[in-house]
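Letters go in sequence order (proteins before strands), and every chain restarts at 1.
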Number of protein chains: 2
Amino acid sequence: MSQNHRPTIHEVAKVAGVSISSVSRALNGNTSNTEMVERVNDAVRQVGYVPSVVAQSLKTRHTGQIAFAMEDIGNAAYLAMVREIQPTLRDVGYRLLLHSTGADVEDELGVLDSLSQNYVDGLVLCPLRVTERHVAALRDTPVPVVVIGLLPDDVPVDNVRADSRVGAGMAVEHLYEAGARRIGFIDGPVDTVPGHARYEGYRRGLDACGLPFDEELVEFADFQFEGGRHGARSLLARTDVDAILGANDLIAVGALHVLRELGRSVPDDVRVIGMDDTTVAATGFPPMSSVSLGSADRGRIAAQLLLRRLDGDTSPPERVTVPPSLTIRESTL
Amino acid sequence: MSQNHRPTIHEVAKVAGVSISSVSRALNGNTSNTEMVERVNDAVRQVGYVPSVVAQSLKTRHTGQIAFAMEDIGNAAYLAMVREIQPTLRDVGYRLLLHSTGADVEDELGVLDSLSQNYVDGLVLCPLRVTERHVAALRDTPVPVVVIGLLPDDVPVDNVRADSRVGAGMAVEHLYEAGARRIGFIDGPVDTVPGHARYEGYRRGLDACGLPFDEELVEFADFQFEGGRHGARSLLARTDVDAILGANDLIAVGALHVLRELGRSVPDDVRVIGMDDTTVAATGFPPMSSVSLGSADRGRIAAQLLLRRLDGDTSPPERVTVPPSLTIRESTL
DNA sequence: ATCCCGGCAGGAAACGTTTCCGGGATGTGC
DNA sequence: GCACATCCCGGAAACGTTTCCTGCCGGGAT
């Protein structure tokens with residue numbers, strides 16, 4: 001908290017004895033006269049000049065900022081994305097703005113609307129759901145947007161997605177191969193995009209293995225540790241299983257705890273697998289297998305796609321799907 | 001991606017048949033003529049006007065943005081802070097910029113320097129270390145800064161800190177009361193601020209309990225899960241313990257795993273406690289006790305302090321210490 | 001009826017840059 | 001030595017707001 005007046009380009013010009021246009025050119029590398037450049041640099045040092053990014057933004061019409069909007073940065077999948085997006089952007093000089101929208105769809109739309117305020121050059125968006133208003137807003141957004149998650153095919157926006165349907169299917173098949181025949185499934189809320197996709201994947205996985213679908217085996221819960229515990233308790237109170245698939249790692253770890261409380265051994269009595277392959281999977285006990293949905297990859301790819309657009313690429317919208325993969329640990333051996 | 005020209009205040013003025021000054025006044029609530037306000041609002045709707053925050057920032061000299069800089073958003077403690085800071089700021093209309101500096105002190109100083117670019121109105125900073133250059137930069141920062149973490153007393157900047165020294169001491173005393181007499185300690189790197197403070201706390205805790213200090217009982221590691229595993233292996237290969245304090249939860253959970261591998265029961269043979277009280281503590285097995293250092297509280301308080309400064313408060317720098325507390329779970333019963 | 005005062009709206013300047021444009025100097029080719 | 005092209009630099013406009021200042025109008029008091 002200090003001097004009341006930061007030096008502007010005018011002061012630099014005065015000290016250097018040149019015009020402000022020359023200062024600007026010198027600083028932006030648009031002059032070939034090295035003596036001029038030196039004089040300007042000296043003056044810059046002397047007065048301690050730092051350009052105002054706000055004024056630059058106003059003039060150049062870009063801000064050097066990119067926003068990332070998701071539901072909750074506390075969610076490990078989004079966290080993994082941020083950890084890739086931030087360095088990717090920073091390396092090329094962009095700053096990252098974080099919007100946690102909470103479970104509020106209005107807030108999410110608010111972010112989209114606010115893009116017209118021109119405070120960012122682009123947006124990476126992880127929508128909770130995709131409503132018609134989303135589609136409308138995405139159709140004529142004032143800045144490039146990349147959506148991570150499911151998106152109707154006709155929305156002209158770059159899109160990177162995981163295939164959690166396939167991922168859930170893979171998990172089921174993996175459990176089947178490990179010997180499981182009654183595979184319980186604790187899903188997240190079915191009215192969310194991932195909840196729905198994983199439910200489908202579970203069913204397809206059963207089909208692929210020739211196992212019958214039994215709705216007794218399915219439980220719905222929050223995507224949280226406590227959700228997983230409640231889900232597992234209800235499930236196990238109702239029926240018996242020899243494997244459990246959790247729709248994410250927290251749910252699965254919750255199930256792990258309940259199984260121990262009930263004295264069931266993992267993996268000998270019951271195999272357990274989660275999804276997202278986050279830290280809690282590795283640190284759980286026993287170390288838990290999980291379906292990696294490539295969150296980090298999706299984040300990085302989204303950032304790269306966005307940067308391409310900002311570079312002026314006008315090719316048709318891209319649609320990238322990151323394939324899931326299994327990380328096998330002790331809970332399904 | 002759409003229309004090449006967003007409407008400006010001039011268009012609104014033209015449509016409304018008034019001057020741009022009147023539009024500005026109407027939009028900012030600086031006019032009492034309700035008919036004027038209505039006419040302007042109608043025109044705004046008609047042309048789809050959205051103010052340019054960049055132009056506003058240039059004129060008003062504030063940006064509505066606040067930066068949060070820390071080492072790594074992947075660190076659960078920082079994550080907890082962001083989760084409090086972001087909503088706190090958003091509720092009063094500020095946007096949050098995220099700077100993960102990595103382990104790079106230069107980068108951290110770069111953030112401080114970049115404040116002169118005036119792209120944010122304030123900064124919440126979690127410094128890795130506090131060098132003289134930090135102090136110099138903090139002494140005359142162009143915008144308010146709140147530092148989370150240790151800070152020399154004479155730096156005139158708001159400061160909120162945890163007392164991890166006391167926290168580590170509490171952990172030791174808790175273990176002692178639970179019956180432990182040989183308490184191992186797996187610290188983080190001792191040249192980091194938290195590593196050092198926790199080391200001191202550990203020693204003071206021993207003193208308070210009348211236990212002798214034995215350097216055989218101390219191991220240094222990364223603040224990570226793998227670090228905890230390595231540290232625990234070395235420690236247990238060298239000597240025997242009846243309790244382990246991990247300098248953070250990941251370290252402690254790593255120790256938990258090693259103990260199980262070695263067939264030592266927790267908490268019966270060895271009690272384990274971590275620090276930071278993050279998700280992995282609750283989801284570990286057995287659920288692990290941890291010293292809460294109030295990360296969320298610190299984040300919220302820091303944000304509130306910053307907002308007060310931005311509101312024009314010029315009272316002397318504030319120094320807030322958030323007291324640690326114990327969260328007891330099964331690993332120390 | 002005149003004067004004064006208050007309120008309200010419009011014009012214009014300012015925020016700090018970048019960039020267009022034009023003029024003077026310099027250099028090149030005849 | 002002259003014409004012409006080239007290069008550089010300075011002046012000025014522009015980006016889209018907010019706000020100061022001025023002038024106008026109307027109303028109340030004398």
Side-chain angles (χ1 to χ4, degrees), chain A residues 3-41 43-44 47-65 114-121 142-143, chain B residues 3-41 43-44 47-65 114-121 142-143:
Chain A
Q3 76 279 11
N4 30 23
H5 183 61
R6 298 196 318 106
T8 72
I9 200 173
H10 289 91
E11 268 112 288
V12 177
K14 198 184 297 174
V15 169
V18 299
S19 75
I20 61 163
S21 359
S22 298
V23 175
S24 176
R25 275 188 294 255
L27 292 177
N28 294 310
N30 294 326
T31 192
S32 39
N33 184 339
T34 63
E35 195 226 319
M36 169 72 83
V37 173
E38 264 181 47
R39 252 180 45 202
V40 168
N41 282 338
V44 164
V47 303
Y49 168 73
V50 179
S52 154
V53 296
V54 173
Q56 288 179 322
S57 298
L58 180 58
K59 192 59 192 163
T60 62
R61 318 178 114 332
H62 43 83
T63 61
Q65 300 188 153
S114 72
L115 292 180
S116 332
Q117 297 182 334
N118 274 1
Y119 64 103
V120 289
D121 298 338
V143 298
Chain B
Q3 77 279 13
N4 30 23
H5 183 62
R6 297 196 317 104
T8 73
I9 199 174
H10 289 91
E11 268 111 288
V12 177
K14 196 183 298 175
V15 169
V18 300
S19 74
I20 62 163
S21 0
S22 299
V23 175
S24 176
R25 274 187 296 255
L27 293 177
N28 294 309
N30 295 325
T31 193
S32 39
N33 184 338
T34 64
E35 194 226 319
M36 170 71 85
V37 172
E38 263 182 47
R39 260 196 15 219
V40 168
N41 283 337
V44 164
V47 303
Y49 168 74
V50 180
S52 153
V53 295
V54 173
Q56 287 179 322
S57 298
L58 180 59
K59 191 61 192 161
T60 61
R61 315 180 116 327
H62 43 84
T63 61
Q65 301 188 153
S114 72
L115 292 181
S116 324
Q117 296 182 335
N118 274 0
Y119 63 102
V120 288
D121 298 339
V143 298

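- Checked against dG16(C), dT18(D), dG10(D), the side chain of S22(A) finds its nearest nucleotide in dG10(D).
- A heavy atom lying under 4.0 Å from DNA chain C marks the following residues of residues 54-63 of chain B, by number: L58(B), K59(B), R61(B).
- If I9(A) and R25(A) are placed on DNA chain C by their nearest nucleotide, the residue sitting closer to the 5' end is I9(A).
- Contacts of residues 14-21 of chain B with DNA chain C (heavy atom under 4.0 Å): V18(B), S19(B), S21(B).
- Of the possible donor and acceptor atoms, none in the side chain of Q117(A) sits under 3.5 Å from a partner among the backbone N and O of V50(B).
- Pairing for dT30(D) is with dA1(C), a Watson-Crick or G-U wobble pair whose two hydrogen-bonding atom distances lie under 3.5 Å.
- Residue Y119(A) has no polar side-chain atom (N or O) positioned under 4.0 Å from OP1 or OP2 of dG16(D).
- Side-chain atoms of T8(B) and Y49(B) form no donor-acceptor pair, as typed in the model, at a separation below 3.5 Å.
- Checking dT17(C), dG10(D), dA9(C) against the side-chain heavy atoms of M36(A) singles out dG10(D) as nearest.
- Using modelled atom types and a 3.5 Å distance limit, the side chains of D121(B) and T63(B) yield a donor-acceptor pair.
- Contact annotation for S24(B): base contact, defined as any heavy-atom pair under 4.0 Å involving a base atom.
- Within the 3.5 Å criterion, the main-chain N or O of Y119(A) finds a donor-acceptor partner in the side chain of Q65(A).
- Residue N33(A) places none of its side-chain N or O atoms closer than 4.0 Å to OP1 or OP2 of dC7(D).
- The residue V50(A) sits close only to the backbone: its heavy atoms come under 4.0 Å of sugar-phosphate atoms, none of a base.
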Checklist entry - After noting the C-alpha distance and the side-chain angles of V44(B) and L27(B), does the key distance pass the side chain to side chain contact (heavy atoms under 4.5 Å, CB included) rule? => result CA-CA 9 Å; V44(B) 164; L27(B) 293 177; 4.0 Å; yes
Next on the checklist: Quick one, S19(A) with S22(A), criterion side chain to side chain donor-acceptor pair (under 3.5 Å). Give me CA distance, side-chain angles, the key distance, then yes/no.
Outcome noted: CA-CA 5 Å; S19(A) 75; S22(A) 298; 3.2 Å; yes
